[in-house]
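Encoded as structure tokens, the structure appears first; notes follow it.
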Amino acid sequence: MTAIDDATRNRLIALLESGATNRAIAAELGLDKTTPARYRRLLGIGPATLPPPRRCTLTIDEKWATFARPAEDGHMQWTGRLASGVTPVMTHQSRTIMARPVAYRIRTGRDPVGYVKPGCGAAWCVAPEHQEDEQDRTRERAELGTILGRRTSITECARGHAVAGHRRYLPNGRAYCGTCQDEASHARRAAA
């Protein structure tokens with residue numbers, strides 16, 4: 001601890017008791033800003049003696065509900081923070097949580113598989129009834145493919161990948177090999 005004279009120490013204590021900040025005390029007395037902080041701790045004066053702030057007592061679902069506002073046609077608008085300007089997020093107990101998976105969990109009672117996107121076509125919508133995970137989208141697109149007569153009986157794609165485990169669907173119901181798509185995507189990124 002830096003040795004300070006009695007007059008400076010007495011003035012430091014008086015400033016601490018009056019509620020001055022460590023920075024203000026250090027500037028006025030010409031001290032390092034850690035010295036007032038040390039004295040504050042030793043004497044039990046100020047913020048160091050306050051109880052720690054209370055953590056959020058809301059559940060994740062309750063916190064989600066504070067940011068979701070009804071909009072027309074059954075949609076819901078997110079009034080909270082947007083990550084990268086587009087992804088609705090919130091902070092719960094010091095963790096950043098995406099809003100769409102929470103909405104999906106509210107509706108289905110289970111965690112989503114893959115990305116959650118609004119199935120209503122409104123990119124900004126966070127209504128629980130409008131959220132779809134990867135399994136939902138695959139099932140709905142496969143059903144559309146069946147209705148439109150695009151369902152095939154092949155067991156392998158042109159490159160030999162098993163269709164049963166890798167088949168994915170475009171929004172129009174057309175099937176494609178997910179593994180081939182992933183490989184092509186990685187190759188494009190590697191070439192860039």
Side-chain angles (χ1 to χ4, degrees), residues 53-192:
R54 285 183 13 158
R55 293 190 74 114
C56 179
T57 57
L58 297 175
T59 66
I60 291 174
D61 295 357
E62 292 168 338
K63 180 107 182 219
W64 178 90
T66 65
F67 293 115
R69 297 286 177 260
E72 70 275 347
D73 299 327
H75 297 294
M76 293 189 93
Q77 180 79 40
W78 187 252
T79 61
R81 186 166 53 104
L82 297 175
S84 303
V86 292
T87 306
V89 296
M90 64 182 176
T91 303
H92 184 264
Q93 297 186 349
S94 303
R95 290 179 40 230
T96 299
I97 299 170
M98 292 189 297
R100 287 195 178 104
V102 174
Y104 185 84
R105 203 169 22 258
I106 288 170
R107 178 175 62 90
T108 64
R110 70 170 177 87
D111 287 336
V113 175
Y115 289 111
V116 176
K117 298 178 183 179
C120 60
W124 50 268
C125 182
V126 293
E129 300 78 27
H130 296 180
Q131 305 308 307
E132 297 177 341
D133 71 350
E134 192 171 323
Q135 286 181 344
D136 294 339
R137 286 189 300 279
T138 300
R139 183 182 59 254
E140 289 173 9
R141 291 172 180 181
E143 289 170 2
L144 178 62
T146 301
I147 291 168
L148 297 175
R150 293 185 175 151
R151 193 77 176 191
T152 65
S153 60
I154 61 170
T155 58
E156 291 183 349
C157 75
R159 293 191 180 148
H161 302 122
V163 171
H166 303 287
R167 180 179 286 163
R168 292 188 194 152
Y169 297 88
L170 296 172
N172 66 6
R174 186 167 171 246
Y176 67 93
C177 178
T179 303
C180 290
Q181 180 71 23
D182 292 342
E183 288 173 358
S185 181
H186 290 298
R188 279 193 301 275
R189 278 190 226 131

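Keep in mind the model is a prediction, meaning the values are calculated, not measured.
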- Message: Checking M90 against V102 for the side-chain contact (heavy atoms from CB on, under 4.5 Å) test, could you report, in this order, the C-alpha distance in whole Å, the side-chain angles of both residues, the deciding distance, and whether it holds?
- Response: CA-CA 10 Å; M90 64 182 176; V102 174; 4.0 Å; yes
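- In this structure, the salt bridge (charged side-chain N to carboxylate O under 4.0 Å, His left out) partners of R139, at least two apart in sequence or on a different chain, are D136.
- The shortest heavy-atom contact between C125 and P118 is O-CB, 3.8 Å.
- With rounding to the nearest 0.5 angstrom, the NE2 atom of H186 is 10.5 Å from the CD atom of Q181.
- For the pair V126 and A68, the tightest heavy-atom approach, listed with the atom from each and the gap, is CG2-CB, 4.2 Å.
- Counting heavy atoms from C-beta on, the side chains of L170 and R141 never come closer than 4.5 Å.
- The structure places NE2 of H92 at 14.5 Å from CH2 of W64, a figure rounded to the nearest 0.5 Å.
- In this structure, CD on Q93 lies 10.0 Å from OG1 on T59, to the nearest 0.5 angstrom.
- Put simply, CD1 on I97 and OG1 on T91 are 8.0 Å apart, with the number rounded to the nearest 0.5 Å.
- Of all heavy-atom pairs between Q131 and Y104, the closest is O-CD1, 3.6 Å.
- Side-chain contact check for E183 versus T179: some heavy-atom pair is nearer than 4.5 Å.
- Smallest separation of non-hydrogen atoms from T66 and L58: CG2-CD1, 4.3 Å.
- Around the CZ atom of R159, the shell of radius 6.0 Å holds no more than 12 heavy atoms that belong to other residues, nucleotides or ligands.
- Here E129 contributes atom CD and R107 contributes atom CZ; the two are 7.5 Å apart, rounded to the nearest 0.5 Å.
- In this structure, the side chains of V116 and M98 stay at 4.5 Å or more apart for every pair of heavy atoms.
- We find the CZ-CZ distance between R105 and R110 to be 11.0 Å, quoted to the nearest 0.5 Å.
- For Y115, the OH atom counts as loosely surrounded, since its 6.0 Å shell holds 12 or fewer non-hydrogen atoms of other residues, nucleotides or ligands.
- The pair R168-D182 meets the salt-bridge criterion, since a charged nitrogen lies less than 4.0 angstrom from a carboxylate oxygen.
- Closest heavy-atom contact between G80 and F67: CA-CD2, 3.5 Å.
- Taking both residues in full, the closest heavy atoms of R137 and E132 are given as NH1-O, 2.8 Å, listed atom of the first, atom of the second, then distance.
- Contact check for T57 versus E62: no side-chain heavy atoms found under the 4.5 Å cut-off.
- The stretch residues 119-141 participates, sequence neighbours left out, in these ring-ring contact (aromatic ring centres under 6.0 Å, His included) pairs: H75-W124, H75-H130.
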